[in-house]
Number of protein chains: 2
Amino acid sequence: MASSLEKAKQNPDSMKAKILTAARKIFGQYGFHGTTTRMIAKAVDIDISTLYYHWGEKGDLYEAVIMDVSEGMRQKLIEVEKIIKGRPLAERIRIAVDEMADYLFEHPEISNLTLFRYFTKTRHGSILDFKVPEYISDIAYSMGLAEDRKNVPADAKMKVLSIMNSIHNFVSGEKFFRPMMKMDREEYIKAAKDTLKFFNLTAFT
Amino acid sequence: MASSLEKAKQNPDSMKAKILTAARKIFGQYGFHGTTTRMIAKAVDIDISTLYYHWGEKGDLYEAVIMDVSEGMRQKLIEVEKIIKGRPLAERIRIAVDEMADYLFEHPEISNLTLFRYFTKTRHGSILDFKVPEYISDIAYSMGLAEDRKNVPADAKMKVLSIMNSIHNFVSGEKFFRPMMKMDREEYIKAAKDTLKFFNLTAFT
DNA sequence: GATTGATTCCATCAATTGATTGATTAATTG
DNA sequence: CAATTAATCAATCAATTGATGGAATCAATC
């Protein structure tokens with residue numbers, strides 16, 4: 001059964017998909033309460049009622065956005081796991097950091113929305129409290145921090161959380177941190193990757 | 001010259017200070033756009049016009065809140081720097097992590113508001129684009145990552161940013177991460193500190 | 001080419017939200 | 001105590017915002 005979200009993604013030129021793409025970006029920049037349905041509609045150059053026709057109420061669109069970025073992350077993690085499989089740990093870390101950083105710097109709204117979800121309360125709590133699968137245990141297993149995918153020790157999960165969040169921090173914080181560092185975008189991405197590798201390579205090798 | 005903010009803090013029982021305290025908490029939970037002036041007024045049990053009488057427009061109150069938490073951080077960092085002065089590096093790290101984590105877990109709105117400021121756009125950009133001093137260079141110097149307080153290399157700043165954000169992540173993410181870890185609050189704080197020490201001790205000693 | 005269904009927009013609602021005005025009460029001062 | 005100032009609230013505004021109904025347009029089907 002193809003969900004409403006899956007159907008929308010099938011044809012990226014469909015109005016439904018175009019709205020989703022714009023919503024990802026704007027929700028990512030301004031958060032749930034900072035985004036109005038009119039902002040999204042304007043970005044797609046449609047009337048706001050067209051947006052409601054396709055996605056229903058704001059909270060439903062937001063949920064679809066979260067599911068969408070979450071699925072993107074899942075795919076990317078599977079892809080990275082394939083690449084690093086069998087390699088020595090130091091190399092696994094270097095590749096994983098590079099791959100994830102490149103992916104997220106290219107889609108910063110993923111980091112933004114992820115951090116938003118972690119840190120922010122919404123006034124409509126119950127409505128937006130849908131469940132999203134997290135991949136912390138899988139990453140821990142893939143890093144060799146657990147013998148068993150289903151039974152990952154808490155300290156390993158905490159380490160993975162810390163690593164993932166650190167990547168998100170550099171991506172989402174670019175607008176704020178880069179001027180502090182007086183770097184151009186390329187330099188900043190390089191510096192972020194180096195910093196991440198510095199902490200993770202010394203910690204795990 | 002005592003600023004409006006300083007005057008408010010002189011007497012914590014004053015209406016102005018009570019509003020500021022409530023605003024800190026609520027802005028920290030819901031962000032700028034997720035907070036209404038009515039929510040704050042209700043928390044203090046006053047009419048909304050009383051709030052406006054004391055603090056003027058919403059953006060001005062928000063600015064005062066940011067300045068307030070920023071000043072709190074500055075004070076705490078000075079305090080920590082005094083404690084760790086002269087000790088060996090590993091001990092400096094252990095103490096600093098414990099002190100900062102305890103302080104922030106006690107005042108989670110500081111972490112919330114800091115991360116909000118890093119990651120979120122506000123629709124009223126220009127108005128809320130006031131400048132707040134950051135203490136990244138001071139911390140880098142205090143950690144021995146720079147010879148000169150005024151001339152801190154970029155990679156050292158990036159490392160400090162990463163460390164500080166990691167602490168904020170665990171504090172602000174508690175509501176989200178702790179259920180994942182199935183820990184009570186005490187266990188979670190301990191686990192967060194241990195994780196932070198794990199990365200930082202292996203990286204710097 | 002008429003009919004049906006899907007899509008889009010215009011107009012509009014009711015509720016919320018930031019902000020103010022003016023009257024009222026509480027403190028302060030001479 | 002009278003007079004002035006400070007603090008509070010009730011009432012209200014205008015603008016914004018989430019959401020909808022219904023007319024108009026477009027596309028597919030017969």
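Side chains are part of it too, since the values below use all heavy atoms of this structure and drop only hydrogens, waters and symmetry mates. Throughout, a chain's letter reflects where its sequence line sits, starting with A, and its residues are numbered from 1. No experiment lies behind these values; they were computed from the predicted model shown.
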Mate of dG18(C) where both pairing distances stay under 3.5 Å, Watson-Crick or G-U: dC13(D)

First encountered from the 5' end of DNA chain C, between Asp47(A) and Arg38(A): Asp47(A)

Whole-Å distance separating the OH atom of Tyr62(A) from the P atom of dG18(D): 14 Å

Between dC13(D) (P) and Glu57(B) (CD): distance, integer Å: 22 Å

Sub-6.0 Å ring centroid separation between Phe32(A) and Phe116(A): no

Short side-chain N/O contact to dG18(C) OP1/OP2 from Thr37(B), under 4.0 Å: yes

Spacing between Tyr52(B) atom OH and dC13(D) atom P, to the nearest angstrom: 17 Å

Assigned partner base of dT29(D), Watson-Crick or wobble definition, under 3.5 Å: dA2(C)

Distance in angstrom units between Asp60(A) CG and dG18(D) C1', rounded: 13 Å

Sugar-phosphate only, base, or nothing, as touched by Thr35(A) at under 4.0 Å among non-hydrogen atoms: sugar-phosphate

Atom pair distance, as rounded to whole Å: CZ in Phe32(A) and P in dT16(C): 15 Å

Sugar-phosphate, base or nothing in reach of Ile46(B), heavy atoms under 4.0 Å: sugar-phosphate

Sugar-phosphate only, base, or nothing, as touched by Ser49(B) at under 4.0 Å among non-hydrogen atoms: base

Enclosure of Asp148(B) CG (heavy-atom neighbours >12, cutoff 6.0 Å): yes

Ile48(A) CD1 to dT8(C) C1', straight-line distance once rounded to whole Å: 13 Å

ring-ring contact (aromatic ring centres under 6.0 Å, His included) partner of Tyr62(A), the single match among Tyr30(A), Trp55(A), Phe27(A): Phe27(A)

Phosphate contact (dG18(C) OP1 or OP2) by His124(B) side-chain N/O below 4.0 Å: no

Centroid-centroid under 6.0 Å between Phe204(B) and Phe198(A) rings: yes

Nearest-Å distance for atom pair CE/P, residues Met15(B) and dA27(C): 12 Å

Pairwise distance OH(Tyr52(B)) to OG1(Thr37(B)) - rounded to 0.5 angstrom: 3.5 Å

Under 4.0 angstrom between His54(B) side-chain N/O and dT8(D) OP1 or OP2: yes

Phosphate-side-chain proximity, Thr50(A) and dC9(C), N/O vs OP1/OP2 below 4.0 Å: yes

Rounded distance in Å - CD1 (Ile19(A)) to P (dT7(C)): 11 Å

